[in-house]
Amino acid sequence: MISKRVQEIPFSGIRKFFELVQKSKDVVSLGVGEPDFPTPEPLKDAGIRAIESDHTSYTSNYGLLELRQKISGKLKKKNGIRRNPENEILITVGVSEALDLAIRAILNPGEEILVPEPSYVSYKPNIWFAYGNPVPVPTREENEFRLEPEEIEKRITKKTKAILIASPNNPTGSVLRKKDLEEIADIAMEHDLIVISDEIYEELIYDNEKHYSIGSFNGMEDRTITLNGFSKAYAFTGWRLGYATGNSEIIEAMMKIHQYTMLCAPTIAQYAALNAFEHESYVRDMVREYDRRRKLLVKGLNEIPGISCIMPKGAFYVFPNIKETGMKSEKFAEKLLFEGRVAVVPGSTFGDSGEGYVRCSYSVSRENISEALARIGKFMEGLR
Ligand code: PLP
């Protein structure tokens with residue numbers, strides 16, 4: 001009954017692992033991939049008001065114009081991207097949908113998209129579903145898992161259509177510097193490539209590091225599709241709201257798919273997010289707390305013999321190196337779950353170059369981080 005294409009694509013390794021976690025008791029989970037904070041009150045209130053005011057019908061396919069106008073203002077102020085809210089911004093069902101639309105809008109069967117590795121688990125399957133070929137570009141711990149332009153260039157073929165970038169990155173937390181992005185932009189222009197830039201973790205950035213949007217760079221305006229959303233910054237994952245911006249031709253093509261598959265993003269969520277950009281103090285408070293947890297977790301991991309961990313600059317993940325244990329990351333994660341009662345995600349889930357690492361999320365309380373560290377310490381001692 002099932003198409004060959006769908007049969008060929010494996011289920012997400014995270015899902016497989018979490019089925020194991022759910023069956024286990026007394027586990028401290030560092031496996032989560034979403035904020036542990038509630039949605040900020042003003043956004044919740046706006047959502048409740050939307051229901052009470054019967055704002056429960058479809059919106060325009062592009063999304064509420066008022067929200068697009070606010071996003072346009074935010075893009076100009078924060079990202080240096082100037083876009084017409086009428087036809088160059090599309091409100092989507094999370095960045096997840098925006099990613100799928102962007103890929104389907106630009107890709108012909110057999111074309112290639114360069115994808116950093118390790119990276120978010122949906123990138124490759126989305127490309128496969130569009131009958132394209134993802135081409136992994138490995139990143140290395142020695143370079144803080146930042147994409148290396150020469151590694152991109154080496155993999156460009158006649159079939160390359162686009163480069164997908166994500167900064168800050170999931171699972172490594174790496175943040176691309178302005179110079180990295182400038183070099184990537186030069187490559188894209190030289191080889192006439194589109195850049196899909198997933199900026200969902202834009203707000204979660206530490207140590208005075210700065211987020212740059214490649215879509216604002218000279219010559220990149222019309223070849224970049226910038227994806228962003230409310231899930232991570234505004235603890236908004238379940239509301240399902242994101243957006244895509246780019247030139248009108250691409251955004252219209254994406255809207256065509258969205259129109260027939262989704263119709264519009266959730267109306268209540270769109271109303272709830274209308275004033276989000278006026279409530280950035282909530283975001284700042286969350287980021288301050290993430291930062292404390294990040295430092296606690298990295299320090300604690302580095303104190304455990306056999307584990308080493310670089311200090312990532314963004315998102316809410318750390319990606320410790322477990323190579324000294326001699327175990328594959330999946331084996332390590334399984335053993336740590338069953339024997340140490342701590343859940344982490346095997347690095348190999350995020351691509352072959354994630355082997356030898358595990359992803360730990362610090363989107364959990366400091367108490368839980370301390371407990372997890374104590375358990376990991378004990379577990380590692382038992383291995384020696
Ligand atoms: N992009 C990255 C890098 C992510 O980590 C995630 C979710 O974890 C998404 C996109 C999807 O987010 P959304 O909730 O906006 O669909």
Side-chain angles (χ1 to χ4, degrees), residues 12-15 17-18 29-37 39 43 63 67 71 89-103 113 115-127 129 134 136-137 139 145-147 163-176 195-205 211 213-214 225-245 254 258 261-262 264-266 269-270 272-273 276 283 290 312-319 345 347 349-351 354 359-364:
S12 156
I14 292 193
R15 199 189 98 142
F17 200 70
F18 274 87
S29 180
L30 302 181
V32 282
E34 60 180 326
D36 62 324
F37 297 102
T39 301
L43 279 74
L67 180 58
I71 291 169
I89 294 172
L90 176 67
I91 314 283
T92 56
V93 184
V95 169
S96 302
E97 193 214 354
L99 185 68
D100 175 46
L101 297 177
I103 292 168
I113 299 187
V115 181
E117 211 194 62
S119 64
Y120 180 47
V121 291
S122 294
Y123 296 151
K124 286 186 198 166
N126 271 301
I127 297 168
F129 284 130
V137 183
T139 59
F145 295 106
R146 298 198 321 273
L147 261 177
I163 308 170
L164 201 163
I165 59 172
S167 178
N169 175 282
N170 171 10
T172 60
S174 78
V175 173
L176 294 174
V195 171
I196 301 175
S197 180
D198 179 349
E199 303 184 10
I200 192 166
Y201 291 102
E202 157 185 48
E203 298 285 351
L204 311 190
I205 209 157
H211 173 80
S213 290
I214 195 167
I225 312 173
T226 306
L227 313 181
N228 209 331
F230 298 86
S231 285
K232 311 291 168 160
Y234 293 92
F236 215 66
T237 46
W239 297 77
R240 310 306 303 125
L241 203 66
Y243 55 92
T245 184
M254 290 171 64
H258 172 79
T261 50
M262 211 58 67
C264 69
Q270 294 189 59
V283 182
Y290 285 136
K313 308 267 193 233
F316 40 57
Y317 309 107
V318 301
F319 205 57
V345 183
T349 311
F350 306 94
R359 188 191 78 175
C360 306
S361 163
Y362 48 91
S363 186
V364 294

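Sequential numbering from 1 along the given sequence is applied to the chain's residues. Worth knowing before you read on, the calculation uses all heavy atoms, side chains too, and leaves out hydrogens, waters and symmetry mates. For ligands, and for the atoms within them, numbers begin at 1 and follow the listed sequence.
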| query | Would you call Glu97-Arg240 a salt bridge at under 4.0 Å N-O? | reply | no
| note | Lining ligand 1 at under 4.0 Å, by non-hydrogen atom distance, are residues Gly94, Val95, Ser96, Tyr120, Tyr123, Asn170, Asp198, Ile200, Tyr201, Ser231, Lys232, Arg240
| message | For Arg146, give me all partners under salt bridge (Lys or Arg N to Asp or Glu O under 4.0 Å), at least two apart in sequence or on another chain. | response | Glu144, Asp180
| message | I need the minimum non-hydrogen distance between Pro134 and Val115, along with the two atoms involved. | response | CB-CG2, 4.1 Å
| From Ser361 OG over to Asp36 CG, what is the distance, rounded to the nearest 0.5 angstrom? | 8.0 Å
| field | Residues forming a side chain to side chain donor-acceptor pair (under 3.5 Å) with Glu199, sequence neighbours excluded | value | Ser197, His211, Ser213
| Under the side chain to side chain donor-acceptor pair (under 3.5 Å) test, residues paired with Asn169 that sit two or more places apart | Thr172
